[in-house]
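Have a look at the structure below, then the notes.
Treat the numbers as computed from the prediction; the structure is a model and nothing was measured.
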There are 2 protein chains.
Amino acid sequence: MSMASQESDAAMSPKLTGEILRQLRQAMRNCKYFPEPIQAYIIPSGDAHQSEYIAPCDCRREYICGFNGSAGTAIVTEQHAAMWTDGRYFLQAIQQMDNNWTLMKMGLKETLSQEDWLISVLPENSKVGVDPWIIAADQWKSMSKALTSAGHSLVAVQDNLIDVVWPDRPERPSTQLRTLGSEYAGISWQDKISTLRSKMTERKISWFVATALDEIAWLFNLRGADIEYNPVFFAYAIVGLDTIRLFVDVKRLSDPILREHLQLDSPSKPELSIQTFPYETVYSELQAICAALGPKDKVWICDKASCALTQVIPKAHRTLIPYTPLCLAKSVKNTTEIQGMKMAHIKDAVALCELFAWLEKEIPKGTVTEISAADKAEELRSQQKDFVGLSFPTISSVGPNGAIIHYRPLPETNRTLTQNEVYLIDSGAQYVDGTTDVTRTVHFGTPSAYEKECFTYVLKGHIAVSAAVFPNGTKGHLLDSFARAALWDSGLDYLHGTGHGVGCFLNVHEGPCGISYKTFADEPLEAGMIVSDEPGYYEDGSFGIRIENVVLVIPAKPKYNYRNRGSLTFEPLTLVPIQVKMMNTELLTEKELAWLNDYHRKCREVVGAELDRQGRKEALEWLVRETQPI
Amino acid sequence: MSMASQESDAAMSPKLTGEILRQLRQAMRNCKYFPEPIQAYIIPSGDAHQSEYIAPCDCRREYICGFNGSAGTAIVTEQHAAMWTDGRYFLQAIQQMDNNWTLMKMGLKETLSQEDWLISVLPENSKVGVDPWIIAADQWKSMSKALTSAGHSLVAVQDNLIDVVWPDRPERPSTQLRTLGSEYAGISWQDKISTLRSKMTERKISWFVATALDEIAWLFNLRGADIEYNPVFFAYAIVGLDTIRLFVDVKRLSDPILREHLQLDSPSKPELSIQTFPYETVYSELQAICAALGPKDKVWICDKASCALTQVIPKAHRTLIPYTPLCLAKSVKNTTEIQGMKMAHIKDAVALCELFAWLEKEIPKGTVTEISAADKAEELRSQQKDFVGLSFPTISSVGPNGAIIHYRPLPETNRTLTQNEVYLIDSGAQYVDGTTDVTRTVHFGTPSAYEKECFTYVLKGHIAVSAAVFPNGTKGHLLDSFARAALWDSGLDYLHGTGHGVGCFLNVHEGPCGISYKTFADEPLEAGMIVSDEPGYYEDGSFGIRIENVVLVIPAKPKYNYRNRGSLTFEPLTLVPIQVKMMNTELLTEKELAWLNDYHRKCREVVGAELDRQGRKEALEWLVRETQPI
């Protein structure tokens with residue numbers, strides 16, 4: 001059974017929360033957890049590492065209110081229970097929450113912010129509690145400021161009060177760790193430590209605290225399976241100039257291959273000796289480190305790290321950074337990683353060519369649904385070498401479901417694929433050599449002129465970004481409008497960003513780069529970075545269109561070289577044909593046609609060779625037909 | 001003598017500052033000005049209103065160090081004197097400052113920030129002084145934070161220490177005030193006050209403190225000439241829900257027309273009665289207002305207002321805003337203002353057509369220089385109805401001088417216009433009905449293929465912005481890359497923003513909108529806003545290209561209307577031909593050619609009619625020839 005069809009059973013009936021809320025309110029008054037009663041308790045989504053995807057044991061906001069979308073914050077007071085989420089989830093939240101809860105629709109003018117709502121409902125001089133491990137330091141700061149200015153206070157409650165009232169809370173996962181040799185990682189963890197230390201020395205930093213799970217996995221060339229879709233494991237790391245501390249469930253460290261990889265028993269050099277500690281001891285160990293700091297010692301920590309860990313570091317020694325040196329180093333892929341990502345994308349394209357060839361045959365029988373198509377995609381991917389799992393839940397959507405941007409098929413919404421509706425599939429996988437993420441929008445019959453027109457505008461935007469040439473040092477957000485110009489010209493648009501950073505056998509969403517109008521804080525694009533290029537168009541109640549490739553930032557060689565700055569452009573890593581049937585080719589310029597023919601030629605050559613090698617003849621025929629020059 | 005040729009005499013020989021620095025350091029130790037000696041004194045450029053252009057009495061940074069560029073901050077300690085400016089001004093600053101001064105080149109990696117430099121040179125526990133009227137509240141905050149964290153403190157010195165050592169400091173100007181009737185302003189000041197008060201009521205604000213000179217001029221439909229190029233006057237205003245206080249040199253208020261305009265002697269309603277106060281009493285009057293505030297009263301002030309005035313308002317009552325309601329209201333021009341701006345641009349185009357026709361005749365004689373061309377442009381503009389003055393110093397530059405973005409011709413740099421070099425003229429004027437700002441780049445002989453190529457890329461960028469269609473709510477910075485795409489494609493770029501807001505018979509640069517990659521804080525574009533569209537290309541040592549129109553934001557009517565958001569585009573207000581001879585028309589798309597022909601047709605029709613009416617035949621012939629369809 002695929003990921004896409006799991007978890008769907010009772011998803012749409014509201015959870016009854018009366019008894020849990022009663023218990024939570026009791027805990028809020030119980031001086032065992034905080035010396036004084038607290039009048040409100042905030043339950044953010046997220047874990048102690050500010051992960052985007054979280055493990056079941058961390059789904060506390062879902063436990064308390066029933067709503068299981070990816071974004072939302074619940075707040076419970078003596079009298080009220082309210083939950084804030086954004087427009088993607090209004091309908092789902094209403095269906096999943098019972099009458100004890102008020103849905104706070106973020107993005108609407110009349111909706112109060114969490115701060116303003118608290119101020120409006122709390123009695124004077126209230127205490128608002130939150131688990132300091134779940135709230136990021138910067139969020140703590142702004143919430144605390146707002147509450148203080150209204151005479152209340154934000155207080156850190158060390159025991160998580162949801163855990164207190166959650167009898168059957170799942171264990172924190174502790175899956176087997178996988179070591180990545182240099183044939184996959186390209187750079188040894190020892191060299192990554194050295195590079196980190198040279199950055200620390202350059203900035204006169206004595207200690208670096210790593211809290212993001214993907215950064216720790218990347219640093220030590222290890223992968224886990226603690227969180228679905230993300231090959232990470234629960235850990236912290238604290239790196240000094242001559243010590244390395246790794247905080248992880250120590251039971252995981254018995255594997256001899258792992259011990260050898262980390263050189264736990266015979267470190268090559270003393271400064272590369274890794275001291276291992278239980279996961280839970282990071283707090284006390286960081287306290288001990290901070291107690292011994294010299295007057296000039298500085299400690300680096302990400303400004304998105306948990307409030308709990310951040311506040312251990314005395315202010316005078318704390319240097320907050322928006323992107324850690326690991327985040328920055330990880331984002332620029334090395335030659336081995338790039339090679340791996342290319343290989344992963346070829347295998348992924350093989351699976352998708354097979355899928356589309358299969359769909360063409362099966363759809364007329366009327367037996368293929370959104371869920372079964374997603375399952376088939378997973379099955380075909382799983383046949384490829386070094387497949388580990390999906391990189392996110394497959395978005396497999398027909399007709400009007402395609403207009404729901406974060407749609408995920410459930411039995412009660414599951415539509416059958418036909419020759420009459422547009423089909424959008426956004427999917428990807430984790431392979432040991434790389435991570436994929438690709439969206440194709442196709443029609444198995446005859447698309448309408450309007451569907452073709454919209455598809456062609458989206459394609460023009462996709463090509464405008466993919467073929468863009470821009471100076472070194474350009475931030476991705478400056479390219480976002482290129483993806484929209486053709487849609488804007490016709491009065492259309494899409495309400496999401498155009499691209500996100502992609503990890504290499506790591507999280508499918510990663511910083512510090514991206515292509516979005518929403519941020520100004522992204523880091524400049526650099527050769528070796530990998531992002532997605534995914535403009536779309538969504539006609540509510542009718543159809544959705546998105547064309548997504550993962551693209552690699554590469555040097556460009558334009559005619560001139562202004563101030564020797566150098567130029568960059570993109571090379572598509574995704575090599576899956578874009579359906580010509582969906583295009584109104586009259587709307588394409590010669591340059592766009594040339595890009596498309598060139599792209600399809602590359603799909604045919606590269607993926608064709610692999611399909612041939614794997615003896616997948618029908619898919620090869622499909623590929624050859626779909627990549628004919630136009 | 002034109003503005004362009006004034007002020008040039010000794011501009012490039014360094015000012016000898018030894019004696020002035022000695023006196024300043026004495027004042028820094030003198031307990032008459034501050035109870036304890038101060039170890040450093042900061043001299044920002046700017047006045048108490050954070051004006052971009054400043055009056056001679058406020059040119060304190062120039063007085064102390066000799067450097068007269070528009071941007072720079074000087075800091076004097078017991079041992080050191082350093083001045084920070086950006087890349088536009090490195091050469092000029094080196095030439096204008098003597099050996100007592102160290103130039104701090106902003107934008108270079110190795111250059112210390114003002115904070116870091118102070119921390120590196122100051123003895124422990126130092127006091128750093130600054131005039132709290134000249135430093136903005138947000139700058140004070142960040143400087144104070146950095147100094148405090150290093151054990152120093154930032155202190156407000158009420159007497160300006162430069163004024164103390166400046167014996168012949170000019171008087172603060174107090175020019176005659178001009179009243180604008182509704183035929184120019186479109187909305188009475190009474191109605192503007194009402195709109196402001198309704199915004200205040202909506203946000204539960206009791207008082208609004210206006211400190212920006214252009215906002216005060218706009219609010220009261222008054223204009224002055226206190227600052228060159230900017231028709232403003234020194235004043236403050238404090239508007240309550242039923243009172244209006246205007247702080248201005250009271251000598252200016254004797255004119256009966258002015259008294260009538262402001263209804264000083266017989267206000268129509270008590271809440272529209274303007275109380276006038278001497279300019280200097282704003283501090284004590286605001287103190288008095290703040291002393292009488294109720295517990296819930298809030299005072300609005302811009303976060304860029306002076307630290308001195310901002311800190312008068314107790315924190316609990318202070319509401320800082322990035323853009324004031326006046327700034328926002330002023331930026332959306334009303335029908336009368338739009339009509340006036342159109343008229344001003346037609347008159348301005350008449351003057352420029354005449355200029356170009358005259359230049360064509362005169363240049364072969366070898367007698368026209370950058371300065372004389374600028375003078376001629378001013379002379380021709382001054383013949384137009386309601387001409388008041390220039391809106392900024394004319395940039396008139398030949399060949400390599402054109403590559404200096406903020407060039408202003410001086411006798412020692414003055415080049416002769418020839419048929420062999422590219423000529424760039426960026427100029428504008430204040431008319432009672434509107435403000436203009438236009439740049440044209442022309443060749444009077446045969447441009448090289450490379451010059452034409454670069455010009456054409458710039459033109460493509462200009463058209464891409466001007467013809468862009470974008471959804472309501474789009475911020476201008478999202479359009480910036482459209483202006484660069486053609487240059488980027490060839491490895492070229494320009495290192496300035498693409499556009500700025502333009503006032504209506506007000507400052508040629510105004511917020512809150514613009515088109516620049518540099519900001520994320522601009523307000524969304526709205527129909528009625530007016531901005532410039534001015535991409536460029538600069539080949540150091542060789543030539544400069546810029547094509548600038550002032551454009552009006554207007555509703556667009558594309559084919560579709562996604563989510564009923566509505567769309568916007570631009571209408572050029574500037575109507576001066578763009579030289580076809582400079583174009584490589586093969587590089588233009590059909591859409592670009594159509595835009596150009598349409599633009600030229602409009603120039604011919606609208607400006608041609610006015611040239612005809614004014615009987616300016618040679619210019620009319622020139623216009624007709626230069627606007628032939630291609």
Side-chain angles (χ1 to χ4, degrees), chain A residues 149-151 315-316 318 450 453-454 457 464-465 467-495 515-522 537-540 556-569 589-591, chain B residues 87 149-151 315-316 450 453-454 457 464-465 467-495 515-522 537-540 556-569 589-591:
Chain A
S149 80
K315 247 190 170 173
R318 195 194 297 162
Y450 181 58
E453 182 185 358
C454 296
Y457 296 148
V465 169
V469 174
F470 49 92
N472 256 320
T474 301
K475 291 179 166 196
H477 74 260
L478 292 171
L479 309 181
D480 185 76
S481 300
F482 290 157
R484 298 176 200 274
L487 287 162
W488 283 356
D489 257 343
S490 297
L492 306 178
D493 196 9
Y494 55 96
L495 302 182
I515 302 175
S516 174
Y517 63 96
K518 289 180 200 167
T519 176
F520 206 60
D522 50 333
Y537 175 71
Y538 310 92
E539 182 88 4
D540 284 345
K557 294 260 172 283
K559 199 166 168 187
Y560 305 111
N561 186 10
Y562 178 63
R563 301 211 166 183
N564 290 312
R565 277 202 291 174
S567 290
L568 299 170
T569 187
T589 64
E590 275 183 39
K591 209 179 133 187
Chain B
S149 79
K315 246 189 169 173
Y450 180 58
E453 182 184 357
C454 295
Y457 296 148
V465 169
V469 175
F470 48 92
N472 257 321
T474 301
K475 292 180 166 197
H477 74 258
L478 291 171
L479 308 180
D480 185 78
S481 299
F482 290 157
R484 299 175 200 274
L487 287 161
W488 283 356
D489 256 342
S490 297
L492 306 178
D493 196 8
Y494 55 96
L495 303 182
I515 303 175
S516 174
Y517 62 96
K518 288 180 197 167
T519 177
F520 206 60
D522 50 333
Y537 176 71
Y538 310 92
E539 182 89 4
D540 284 345
K557 295 258 173 282
K559 197 167 171 188
Y560 305 111
N561 186 10
Y562 178 62
R563 301 210 166 188
N564 290 312
R565 277 203 291 175
S567 291
L568 299 169
T569 187
T589 64
E590 274 182 41
K591 207 179 135 187

Shortest non-hydrogen contact from B:Leu479 toward B:Phe470: CD1-CE2, 3.8 Å
Contacting region of B:Asp489 [heavy-atom separation from chain A under 4.5 Å]: both
Shortest non-hydrogen contact between A:Pro558 and A:Val469, atoms and distance: CG-CG1, 4.2 Å
Pairwise side-chain contact, B:Pro471 with B:Tyr562, heavy-atom cut-off 4.5 Å (strictly under): no
A:Arg563, part contacting chain B, at a heavy-atom distance under 4.5 Å: side chain
Chain A contact via B:Phe482 - which portion, at a heavy-atom distance below 4.5 Å: both
Structural part of A:Lys591 lying under 4.5 Å from a heavy atom of chain B: side chain
Under 4.5 Å from any heavy atom of chain A - which part of B:Arg565: side chain
Pick from A:Leu487, A:Thr474, A:Leu478 with the largest number of heavy-atom pairs that fall under 4.5 Å of chain B: A:Leu478
Heavy-atom donor-acceptor pair, B:Ser490 side chain to B:Leu492 backbone, under 3.5 Å: no
Heavy-atom proximity to chain A below 4.5 Å, by part of B:Ser567: side chain
Atom group of A:Ser149 that falls short of 4.5 Å from chain B, counting heavy atoms: neither
Atom pair OG (A:Ser481) and NE2 (B:His477), whose distance is rounded to the nearest 0.5 Å: 7.5 Å
Where A:Asp493 and A:Arg484 come nearest, the two heavy atoms and their spacing: OD1-NH1, 3.1 Å
Portion of B:Tyr450 that has a non-hydrogen atom of chain A nearer than 4.5 angstrom: side chain
Residues which pass salt bridge (charged side-chain N to carboxylate O under 4.0 Å, His left out) with B:Lys559, listed by chain and number, not counting sequence neighbours: A:Glu453
Residue among A:Gly491, A:Ala468, A:Ala467 with most heavy-atom pairs under 4.5 Å to chain B: A:Gly491
Interface residue of largest heavy-atom contact number with chain A, from B:Trp488, B:Tyr537, B:Tyr517, under 4.5 Å: B:Trp488
Nearest heavy-atom neighbours spanning B:Ser516 and B:Asp480: CA-OD1, 3.5 Å
